[in-house]
Amino acid sequence: MKRQFSAGISRRTLLKTSAYAAVGTLAAPSLLRASSSEIVIGCAGSHTAWMEQIVAPHMKSAIGADILFEGTKSSVNLEKMASNKDAPYLSVVQMDDPVMIQAVEAELLTPITADAVPNMTDLRPDAVHMDGMWCNYVQPWAGVAYNTDMADGVPSWAALWDPANSGQVIIPSLQNTEGMWTLFVAAMLGSGKPFAEAQYEIDAAFAKLEELKPNLLSVYSTMSQAFNLLEQGEISMLAGNFSSYTLPRKAEGVPVDLAAPSEGIFAMPSGICLVKGGPNPELAQAYVNEMLGETMQAAIADFATSVPANTKVKAGAVIPDGVAIYSPDWAFVAKNRRDWIDRFDKLMAV
């Protein structure tokens, strides 16, 4: 039976629903006349579980899209977009804010607009960046993941440096955005300054990181491998991990938890963008619209224990009480990250 709409319904109203794939060809002709139902999405490797379990089935039902995910690091997604700039194969990319800045500077993105993606009007103002070049769709918090069979908690970031934890710590590479948290913590501990000032004390940060080397088992570039070692009790602590990764594993009965050290935790916004010149642009816009809508925002926030960006959604993470939440100067990070990575790789080889 056909679903009937009033003559005055707008494209915005239609797109704001999460089930417009079932509306009928006349209601959304541009969407259903797309040349292919397949789009390729670049995303974080750590997001693969909920992308496959939640996002892919929803997109097939809601917009008729067959989603192919390429899970990797944000920096790799950026390289893919840059190297395929003249013939993009990615339609949408989900990656971290500092890498988004670099993508904008390289002219790799096309703006998200409310006409094409009406659900963006329900986002928090701070979730829309650079006039819509990208939007944040979820925000986990980052602290220290630890094995509950080996530790009762991690009250301070300084525990990473405690000699009692020799050979029991893994930290992320600075090639991974979550690696920035250990860098900034080192800056705070090394300089003795509050975060707002300490994040610019990079020499102090690297000096403090050098002191961490005796406690390191390794530095990771692939989170899943390091997390396996944490689960198995090969290490006691994994620095800079996300609520969206650790807490779902805890809920499954794995002996891990995520600590919110007394010095503070970090906000880790994840962004979504449209690739300039990417295939199936209207289907890509529909995908982004769904990701920012209430249905997907609630589902992702609950599954990933993260803070939703859509103001109509109240589900998601409970932010720890009594600790500061830091968000760095991402423009400063984007400007200096390449040099920091080179310096880090030379210093922290273990």
Side-chain angles (χ1 to χ4, degrees), residues 42-51 71-78 93-103 123-124 126-129 134-146 154 157 170-188 195 199 220-224 226-227 238-250 256-261 263-273 291 297 300-310 316-320 323-334 337 340:
C43 67
S46 59
H47 293 177
T48 301
W50 54 263
M51 292 288 281
T72 184
K73 296 178 290 188
S74 292
S75 57
V76 174
N77 280 323
L78 180 66
V93 172
Q94 297 161 203
M95 58 187 182
D96 305 321
D97 282 16
V99 185
M100 288 289 191
I101 295 173
Q102 295 175 279
L123 302 184
R124 301 188 314 268
D126 65 351
V128 180
H129 301 273
W134 80 92
C135 298
N136 294 131
Y137 64 96
V138 71
Q139 180 175 295
W141 60 272
V144 179
Y146 65 97
V154 184
W157 286 94
I170 292 181
I171 65 174
S173 165
L174 291 193
Q175 295 183 39
N176 299 59
T177 300
E178 68 267 23
M180 295 298 159
W181 310 141
T182 312
L183 179 71
F184 292 138
V185 164
M188 284 194 287
F195 174 76
Q199 64 178 318
Y220 81 75
S221 58
T222 303
M223 184 194 299
S224 59
F227 207 90
L238 184 61
N241 212 256
F242 312 133
S243 59
S244 58
Y245 202 93
T246 305
L247 297 183
R249 296 296 290 151
K250 175 187 176 182
V256 295
D257 204 348
L258 187 64
E263 297 90 350
I265 56 178
F266 294 91
M268 185 64 198
S270 294
I272 189 167
C273 64
M291 290 294 285
Q297 285 281 292
I300 293 170
D302 282 342
F303 186 92
T305 319
S306 298
V307 179
N310 190 307
V318 176
I319 300 299
V323 295
I325 303 174
Y326 299 122
S327 184
D329 180 345
W330 286 125
F332 177 67
V333 173
R337 186 174 183 178
W340 295 350

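Counting begins at 1 with the first residue of the sequence.
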Within-4.5 Å side-chain heavy-atom neighbours: [X] and [Y]:
X: S306; Y: I300; result: no
X: M188; Y: W157; result: no
X: L123; Y: Y137; result: no
X: K73; Y: V99; result: no
X: Q102; Y: M95; result: no
X: F242; Y: H47; result: no
X: M180; Y: P328; result: no
X: V138; Y: S244; result: no

Problem set entry | Worked check of ring-ring contact (aromatic ring centres under 6.0 Å, His included) between W340 and F332 | CA-CA 11 Å; W340 295 350; F332 177 67; 5.4 Å; yes

How many angstroms lie between atom [atom1] of [X] and atom [atom2] of [Y], to the nearest 0.5 angstrom?
X: Q139; Y: S270; atom1: CD; atom2: OG; result: 8.5 Å
X: E178; Y: Y220; atom1: CD; atom2: OH; result: 3.5 Å
X: M100; Y: I272; atom1: CE; atom2: CD1; result: 7.5 Å
X: R249; Y: L258; atom1: CZ; atom2: CG; result: 14.0 Å
X: T182; Y: F266; atom1: OG1; atom2: CZ; result: 8.5 Å

Problem set entry | Candidate pair Y326 and E263, rule side-chain hydrogen bond (donor to acceptor under 3.5 Å, both in side chains), full reasoning | CA-CA 10 Å; Y326 299 122; E263 297 90 350; over 6 Å; no

What is the minimum heavy-atom distance between [X] and [Y], and which atoms define it?
X: V323; Y: P320; value: CG2-O, 3.8 Å
X: W330; Y: P269; value: NE1-CG, 4.3 Å
X: I171; Y: A239; value: CG2-CB, 3.8 Å
X: A142; Y: I265; value: O-CB, 3.3 Å
X: R124; Y: P308; value: NH1-O, 2.8 Å
X: C273; Y: W134; value: CB-CB, 4.0 Å

For this session: Check step by step if side chain to side chain contact (heavy atoms under 4.5 Å, CB included) holds for L247 and D257.
Result: CA-CA 6 Å; L247 297 183; D257 204 348; 3.8 Å; yes

For this session: For Y245 and F227, run ring-ring contact (aromatic ring centres under 6.0 Å, His included): C-alpha distance rounded to whole Å, both residues' side-chain angles, the deciding distance at 0.1 Å, then the answer.
Result: CA-CA 9 Å; Y245 202 93; F227 207 90; 4.9 Å; yes

Problem set entry | Candidate pair D302 and W50, rule side chain to side chain contact (heavy atoms under 4.5 Å, CB included), full reasoning | CA-CA 10 Å; D302 282 342; W50 54 263; over 6 Å; no

Problem set entry | Residue of the set V307, D96, N241, N136 for which side-chain contact (heavy atoms from CB on, under 4.5 Å) holds with M268 |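 That would be D96; it is the only one of V307, D96, N241, N136 passing the side-chain contact (heavy atoms from CB on, under 4.5 Å) with M268.
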
For this session: With sequence neighbours excluded, tell me which residues meet side chain to side chain donor-acceptor pair (under 3.5 Å) with Q199.
Result: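 Once residues adjacent in sequence are excluded, Q199 has no partner under the side chain to side chain donor-acceptor pair (under 3.5 Å) criterion.
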
Problem set entry | Check: A309 main-chain N/O paired with Q297 side-chain donor or acceptor under 3.5 Å |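 Answer holds: yes.
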
Exercise. Quick check: does any side chain N or O of S243 sit under 3.5 Å from a backbone N or O of W141, one acting as donor and the other as acceptor?
Worked result: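 At least one qualifying donor-acceptor pair exists.
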
